[in-house]
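In this chain, residues are counted from 1 in sequence order. From a predicted model like this one, the values you see are computed outputs, not experimental measurements.
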Amino acid sequence: MTALSKRERVYQRLAADLAHADPSPHSHGHLGVADTRRMSSPTRVLVDWLRHIEERSGFTDSSEVDQLRIDLCRLLASTGVRDCGAAEALIDQFHLQPPVSAEVLTEAAQALRELASRDHRDELSRLAADRTLGVCRSGILEFLTEHGQQEDVHLVADQISDPSVRATAIACLRRFRPTPVHLIGTVEAYLYDPDSAVREQASRTVAVLYAAVFAASSGAI
């Protein structure tokens, strides 16, 4: 039998920590403030590992650290546990020095889509508008579409001029309510974009925006 690699031993320790955690689920929708701040133990384990990743893992190779960060972000997203420190740990990934890889930030953003709450909107709005993050912020734009406020329509629309998130931003616009019909002209400009993904999303969004206009003119909404 060959000796376990260092990476395998690290993941075994993580698995053992999770196995010993209390898996009892906590509901969130009707709990008081004190209760909503509690983390289920598996989430606490994952947040602790993410916040102290070098200490917990002993990894010194940046690629191994990044891969573990990615796996931890995915595991956190799978818990579905909100308002318990997980979102804050994920947001912290965007402020680490030296910066983590784009792959880590992409996974952190996708996890934030699942785990952030409206309490995090201001910080997520700043990240969504940070063009240095490029495509990594796609998950954050989607969060603002699903959980943000009406003024986030303008923030998302502003990102259309960034090719890295253009298709995502255009797709997000058709999911806002009320439907932002005033942006029909903005989106129509991309119906013949060189990027096929952008053209597809522009076509679908324009159709939704025009449907909303026709519905309004007929008195349906």
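Between the OG1 atom of T168 and the CD atom of Q159 there is a distance of 11.0 Å, given to the nearest 0.5 Å. Atom CZ of R13 sits about 5.0 Å away from atom CH2 of W49, to the nearest 0.5 Å. Taking CD of E64 as the start and CD of Q67 as the end, the distance is 10.0 Å to the nearest 0.5 Å. Here the OG atom belonging to S101 is positioned 3.5 Å from the CG atom belonging to D66, to the nearest 0.5 angstrom. A distance of 10.5 Å separates CD of Q93 from CD1 of I70, quoted to the nearest 0.5 Å. From T79, atom OG1 reaches atom CD of E114 across 9.5 Å, with rounding to the nearest 0.5 Å.
Using a cut-off of 4.0 Å between Lys/Arg side-chain N and Asp/Glu carboxylate O, D193 and R166 are scored as salt-bridged. Salt bridge annotation for R51-D92: present, with a cationic side-chain nitrogen under 4.0 angstrom from a carboxylate oxygen.
With hydrogens and angles ignored, the 3.5 Å screen pairs a side-chain donor or acceptor of H52 with a backbone N or O of D48. Remark: the backbone N or O of L155 is not paired with any side-chain donor or acceptor of D158 at under 3.5 angstrom. When atom types are taken as modelled, the side chain of H120 and the backbone of S117 share a donor-acceptor pair closer than 3.5 angstrom. Looking at E8, its side chain does come within 3.5 Å of a backbone N or O of S5 through a donor-acceptor pair. Side chain of T205 to backbone of I170: a donor-acceptor contact under 3.5 angstrom is found. S203 places no side-chain N or O within 3.5 Å of a backbone atom of E200 that could act as its donor or acceptor partner.
Here the closest heavy-atom approach between residue C136 and residue A109 is recorded as O-CB, 3.1 Å. The minimum heavy-atom distance linking P194 with R199 is given by the pair O-NH1, 3.0 Å. Nearest heavy atom pair, residue S57 against residue V10, reads O-CG2, 3.2 Å. Closest of all the heavy-atom pairs between I140 and F94 is CD1-CZ, 3.9 Å. Nearest heavy atom pair, residue V135 against residue V165, reads CA-CG1, 3.8 Å. What you find for P42 and A21 is that their closest heavy atoms are N-CB, 3.6 Å.
Cluster annotation: V187 is connected to I184 through the hydrophobic network of ILVMFWY side chains, with a link wherever side-chain heavy atoms come within less than 4.5 Å. In the hydrophobic clustering of this structure, V208 does not group with L141; members are Ile, Leu, Val, Met, Phe, Trp, Tyr whose side-chain heavy atoms approach within less than 4.5 Å, directly or through other members. Both L191 and V198 are part of a single hydrophobic cluster, where members link through side-chain heavy atoms under 4.5 Å apart. A single hydrophobic cluster is seen to contain both F176 and V181, as judged by linkage of ILVMFWY side chains at heavy-atom distances under 4.5 Å, directly or through other members.
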Practice prompt. Take S138 and T106 through the test side chain to side chain contact (heavy atoms under 4.5 Å, CB included) and record every step on the way to the result.
Written response: CA-CA 8 Å; S138 294; T106 297; over 6 Å; no
Item to complete: Check the pair R131, S161 against side chain to side chain contact (heavy atoms under 4.5 Å, CB included), reporting the backbone distance first and the verdict last.
Response: CA-CA 10 Å; R131 297 195 175 196; S161 60; 2.8 Å; yes
Discussion item. Please determine whether side chain to side chain contact (heavy atoms under 4.5 Å, CB included) holds for the pair T179 and R174, giving the CA-CA distance in whole Å, both sets of side-chain angles, and the decisive distance to 0.1 Å.
Written reply: CA-CA 7 Å; T179 308; R174 66 175 176 265; over 6 Å; no
Worksheet item: Taking it one step at a time, do L18 and L14 satisfy side chain to side chain contact (heavy atoms under 4.5 Å, CB included)?
Response: CA-CA 6 Å; L18 290 170; L14 173 59; 4.2 Å; yes
Fill in: Full working for salt bridge (charged side-chain N to carboxylate O under 4.0 Å, His left out) between D61 and K6
CA-CA 11 Å; D61 183 273; K6 180 176 181 179; over 6 Å; no
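Inter-residue side-chain proximity for R137 and L127 is flagged as unmet; no heavy-atom pair is nearer than 4.5 Å. Residues T186 and L173 have side chains not in contact (no heavy-atom distance under 4.5 Å, counting atoms from C-beta outward). With a 4.5 Å cut-off on side-chain heavy atoms, L72 and R56 do not count as touching. Inter-residue side-chain proximity for L50 and L90 is flagged as met; some heavy-atom pair is nearer than 4.5 Å. Taking 4.5 Å as the limit, every side-chain heavy atom of T145 sits out of range of all side-chain heavy atoms of D152. The shortest side-chain heavy-atom distance between R44 and V47 does not fall under the 4.5 Å cut-off. D195 is not listed as a side-chain neighbour of Y190, based on a closest heavy-atom distance of 4.5 Å or more.
Among R118, R175, R177, the single residue meeting the salt bridge (charged side-chain N to carboxylate O under 4.0 Å, His left out) criterion with E146 is R175. A side-chain contact (heavy atoms from CB on, under 4.5 Å) with V65 holds for exactly one of T60, V104, I53; it is I53.
Within 6.0 Å of NE2 in H20 there are 12 or fewer heavy atoms belonging to other residues, nucleotides or ligands.
Side-chain polar atoms of R74 and Q110 form no donor-acceptor pair below 3.5 angstrom.
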